[in-house]
Amino acid sequence: MPSLLRTLLLLALVTFALAAPKPEKRSFKVVRVPNPNFKRTAGAGTRALVKAHRKYGVALPPGLVDAMNAAQGPTIDTATAEAVDGKAKGQGKAAASASNSASAPGSTGSTSGSINSTGAGSGKVTATPEQGDVEFLSPVIIGGQTMNMDFDSGSSDLWVFNTQLAAASQAGHTNFDVAKSTTFKMLTGSTFTISYGDGSGAAGNVGTDTVNIGGATVTSQAIELATAVSASFVQDTQSNGLVGLAFSKLNTVKPAQQKTFFDNAKDTLAMPVFTADLRKAAVGAYEFGAIDSTKFNGSLSWAAVNTTSGFWQFSSQKFQVGTGTAMNVAGGQAIADTGTTLMLVNAAVVNAYYSQVTGAVNNQTVGGVTFPCNSQLPDLSVDVGGNYMAVVRGDDINFAPVDQAGTTCFGGVQAIASNLQIYGDIMFKSQFVAFNNGNNSIGMAPHQS
Ligand SMILES: *[C@@H]1O[C@H](CO)[C@@H](O)[C@H](O)[C@H]1NC(C)=O
Ligand SMILES: *[C@@H]1O[C@H](CO)[C@@H](O)[C@H](O)[C@H]1NC(C)=O
Ligand SMILES: *[C@@H]1O[C@H](CO)[C@@H](O)[C@H](O)[C@H]1NC(C)=O
Ligand SMILES: *[C@@H]1O[C@H](CO)[C@@H](O)[C@H](O)[C@H]1NC(C)=O
Ligand SMILES: *[C@@H]1O[C@H](CO)[C@@H](O)[C@H](O)[C@H]1NC(C)=O
């Protein structure tokens, strides 16, 4: 995913085509499903925190570097993109590099996503949290082939595991096969290269195909076919690629930048919106084209989105711990990022929050704040656009144990030394979020429990 430091390019004119307009505009839904086989693992919190720092090009604090180096097992990748194997027609060049990115790798477990099309102007699909909510996966049909993928509102590339990859990389994955699609077309000469902050990345060539998410269809969606992927993606056999849902200006395809699925689909939708309804260790949903008001309590509060950097970015200049007094974060901005596991906030917020948690320490061993797993955590409220305080439930801020015994837990809220705060899945688990491209706004309300 593109970093904040990335030079923003003017949106290139690209050729794309939408499905023939239907008489009725549609909406569609992807449901997220919990993973019953999930076992929390020590180190997940550290990995998530490192990943988020690198995704956004923010220097790692020294304690986090030590924790990362001490971490065991399949954790942080160095970019280990494999040699490109050019068997597919019209391949481009793969050059792994790039600058940053989203979603958490390293997951294992089972996925039980399913497609559900409810017809008559709406559609729905399921989605599943993996490995203790490190990531959420949803089924996507590309050229008739169903792939479980990670929806990422913090990046703008749709890339997939596919049969061009070396056999070792394909193992355990669902691999898109262009030869089995009657609708696939190569975009000759186009390539993509995306680097995720933890050193992971993907690169390859590009084509177009029909993409169906819960019944809504784009007939000429750019599909980025990895010819090289790094180890963490290979190991995360539950996820077969990413669906970027940030603004198209962050798309990495060259020479002609491509539009995201949402950008291509929005004009055919009943409303130019998608919503994220993500639940802690439970079934949630992504819905495109409609806002399901049975999923949240009361009405949505809307905040203006600043699209300059290509993210779903809004001002966030206040916070409140529990029922305490609201405090200021001067100049605070935040982005809503479904592809980041944790919630990364201004250090003042972290300090004020954990001062209210018995036993909370800035733990050098794991590079972030930990506390006894049985601590009572207050709610954290954060300003969204000036007119709404989004309440993040204390229970959701207990992210995961850092030890096998399960006595010390890693905080779901951690510090980032950047003016841009990253509100990831920890926030989404408490708030229903609507991404509105009609007037570039973001709507939030507490989940209906
Ligand atoms: C699909 O939707 C129908 C109608 O809402 C529901 O009865 C059914 O259980 C759903 N199936 C799945 C697999 O979610
Ligand atoms: C944007 O659209 C939503 C939904 O139609 C509306 O409620 C809101 O007031 C609009 N304006 C802003 C700035 O959010
Ligand atoms: C919009 O975002 C850009 C990039 O983060 C920032 O430089 C600019 O000040 C923001 N605009 C407003 C009105 O907040
Ligand atoms: C710091 O984290 C380690 C896990 O690596 C844990 O064993 C230890 O108890 C934590 N320290 C404190 C003071 O909580
Ligand atoms: C819904 O909102 C009402 C009024 O603000 C509140 O009393 C109630 O507790 C909320 N219910 C849930 C489930 O959040």
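Model, not experiment: these values are computed from the prediction. We use all heavy atoms of the structure for the numbers below, so side chains are in, but hydrogens, waters and symmetry mates are not. Both counts, for ligands and for their atoms, begin at 1 and track the order of listing.
Looking at heavy atoms from C-beta onward, W302 lies out of side-chain contact with F314 at the 4.5 angstrom threshold. Using a 4.5 Å cut-off on side-chain heavy atoms (C-beta onward), N362 and Q364 make contact. Using a 4.5 Å heavy-atom threshold, the side chains of I291 and F296 count as touching. Residues V211 and I141 have side chains not in contact (no heavy-atom distance under 4.5 Å, counting atoms from C-beta outward).
The protein reaches atom 11 (N) of ligand 3 closely, with a heavy atom under 4.0 angstrom from it. Atom 5 (O) of ligand 3 is flagged as protein-proximal [any protein heavy atom, distance under 4.0 Å].
Between the NE2 atom in H447 and the CZ atom in R393 there is a gap of 6.5 Å [rounded to 0.5 Å]. In this structure, CD1 on I397 lies 7.0 Å from CG on D379, to the nearest 0.5 angstrom.
From the protein, the heavy atom lying nearest to atom 13 (C) of ligand 3 is N306 ND2, 4.4 Å.
At under 3.5 Å, a nitrogen or oxygen of N363, whether backbone or side chain, sits near a nitrogen or oxygen of ligand 4.
Checked against a 6.0 Å centroid threshold, the rings of F233 and W159 count as neighbours.
Within ligand 2, the atoms closer than 4.0 Å to a non-hydrogen atom of S441 are 1 (C), 14 (O), numbered from 1 in the order shown. Using a 4.0 Å cut-off to heavy atoms of N439, the atoms of ligand 2 that qualify are 1 (C), 2 (O), 3 (C), 8 (C), 10 (C), 11 (N), 12 (C), 14 (O). Counting the atoms of ligand 2 from 1 in the order shown, those under 4.0 Å from a heavy atom of N436 are 1 (C), 2 (O), 3 (C), 4 (C). Ligand-side atoms of ligand 4 in range of V361: 12 (C), 13 (C), 14 (O), range being under 4.0 angstrom from any heavy atom. Remark: ligand 3 atoms within the under-4.0 Å shell around heavy atoms of Q313 are 2 (O), 5 (O). Near Q333, the atoms of ligand 3 lying under 4.0 angstrom from a non-hydrogen atom of the residue are 14 (O). Remark: ligand 4 atoms within the under-4.0 Å shell around heavy atoms of T370 are 14 (O). Set against the non-hydrogen atoms of S309, the atoms of ligand 3 under 4.0 Å away are 4 (C), 5 (O).
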